[in-house]
Amino acid sequence: MPRLPQSFFARPTLTVARELLGQRLVKIEGSKRLGGIITEVEAYIGEKDLACHARAGRTARTDVMYWSAGHLYVYFTYGMHWMICFVTERDGFPAAVLLRAIEAEDGITVMRTRRKKHDHLTDGPAKISQALAIDKRWNGVDVCAADSKLFIESTHNVAASRVIRSPRIGLGSTPEPWLSKRWNFKMNNDE
DNA sequence: GGCCCGATACTCT
DNA sequence: GAGTATCGGGCCC
């Protein structure tokens, strides 16, 4: 299966988010392969988007968001959780797609161990990073590099009828119009 | 399934 | 010092 190239990520963030649905996230750990199908993502677009971390401009934390498309932006939140994003658009413009859920397929035994006794392996952004053992060491990694141990495999396109768009999750007191923008993309399971 | 709440440490004000 | 792109446990049905 071909890996998604940088040209995939270097497009409008909403397009990248929509088209990431259904593709397969893969992490290589020695001879093992972990990951699954991407089922939910969210777009964060530019300094004007007041829900986007880049609203505060280019800082030590947000620097990677300004890098060229296809880099990982991995950040820490709530005192204990790591979140995984893919940088999008052109070099110098801060935007990214947050991974919110995948359907676990490969390496389930390893992921189950890392997720303790919990049945929900990868149905939340911080659960994915726990299951895949992703932390700050992965910040700034280029997922389009030929030797990258984390990448996305191109699979099939998801039918438009299966895509659900909603407001983004967990934005709290983010002002309008950003709070209501339907920049969360999710796959409908039925059908 | 749902709601409430505490954990916990980093970032920017 | 306040706020945070969350999770899991306890509880209630």
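Here is the naming used below: chain letters follow the sequence lines, and residue numbers restart at 1 for every chain. Worth knowing before you read on, the calculation uses all heavy atoms, side chains too, and leaves out hydrogens, waters and symmetry mates. All figures in this text were calculated on a predicted structure; none of them were measured in a lab.
Between the CZ atom of Arg100(A) and the P atom of dC7(C) there is a distance of 7 Å, rounded to whole Å. Rounded to an integer number of Å, the gap from Ile45(A) CD1 to dA5(C) P is 16 Å. dT6(C) atom C1' lies 13 Å from atom CD of Glu40(A), rounded to whole Å. Spacing between atom CH2 of Trp178(A) and atom P of dA5(C) amounts to 16 Å, rounded to whole angstrom units. Counting to the nearest Å, the C1' atom of dC7(C) and the CZ atom of Arg114(A) are 18 Å from each other.
Applying the 4.0 Å criterion to OP1 and OP2 of dG8(C), one finds that Arg115(A) has a side-chain N or O inside that range.
The shortest side-chain heavy-atom distance between Tyr73(A) and Met83(A) does not fall under the 4.5 Å cut-off. The shortest side-chain heavy-atom distance between Phe86(A) and Leu25(A) falls under the 4.5 Å cut-off. Considering only heavy atoms from C-beta on, Arg112(A) comes within 4.5 Å of Leu121(A) through its side chain. The closest side-chain heavy-atom distance from Leu72(A) to Leu150(A) is below 4.5 Å. Between Arg18(A) and Val163(A) there is a side-chain heavy-atom pair separated by less than 4.5 Å.
Listed by chain and residue number, nothing satisfies the ring-ring contact (aromatic ring centres under 6.0 Å, His included) test with Phe93(A) (two or more places apart in sequence, or in another chain). Take Trp67(A) and apply the ring-ring contact (aromatic ring centres under 6.0 Å, His included) test, not counting sequence neighbours, and it matches His71(A).
Stems are defined here as 3 or more consecutive Watson-Crick or G-U wobble pairs with pairing distances under 3.5 Å; those involving DNA chain B are B:1-7 with C:6-12, B:9-12 with C:1-4.
With salt bridges taken as basic N to acidic carboxylate O contacts below 4.0 Å, none links Lys186(A) and Glu42(A). Asp49(A) has a carboxylate O that lies under 4.0 Å from a charged side-chain N of Arg168(A), or vice versa, which qualifies the two as a salt bridge. Between Arg114(A) and Glu29(A), at least one side-chain nitrogen of the basic residue sits less than 4.0 Å from a carboxylate oxygen of the acidic one, meeting the salt-bridge criterion.
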Candidate pair Arg11(A) and Glu19(A), rule salt bridge (charged side-chain N to carboxylate O under 4.0 Å, His left out), full reasoning: CA-CA 11 Å; Arg11(A) 294 186 296 160; Glu19(A) 295 189 12; 2.9 Å; yes
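When each of Glu103(A), Arg100(A), Met187(A) is checked for a side-chain contact (heavy atoms from CB on, under 4.5 Å) with Glu40(A), only Arg100(A) meets the rule.
Near DNA chain B, meaning a heavy atom under 4.0 Å away, the residues from residues 61-98 of chain A are Arg61(A), Phe76(A), Tyr78(A), Gly79(A), Met80(A). Remark: Ala51(A), His53(A) in residues 46-53 of chain A come within less than 4.0 Å of DNA chain C through at least one heavy atom.
Residue Thr174(A) is classed as having no contact, given no heavy-atom separation below 4.0 Å to the nucleic acid.
Taking a heavy-atom distance under 4.0 Å as the criterion, the stretch of DNA chain B touched by chain A extends 5' to 3' from dA7(B) to dC12(B).
Residue order along DNA chain C, read from the 5' end via each residue's closest nucleotide, puts Ala54(A) first among Gln130(A) and Ala54(A). Along DNA chain C, the nucleotide nearest to His120(A) and the one nearest to Gly172(A) differ in position, and the one closer to the 5' end is contacted by Gly172(A).
Remark: side-chain polar atoms of Glu89(A) are paired, donor with acceptor, to backbone N or O of Thr13(A) under 3.5 angstrom.
Between Tyr75(A) and His53(A), the ring planes lie perpendicular to each other; the angle is over 60°, past the 30° to 60° tilted range.
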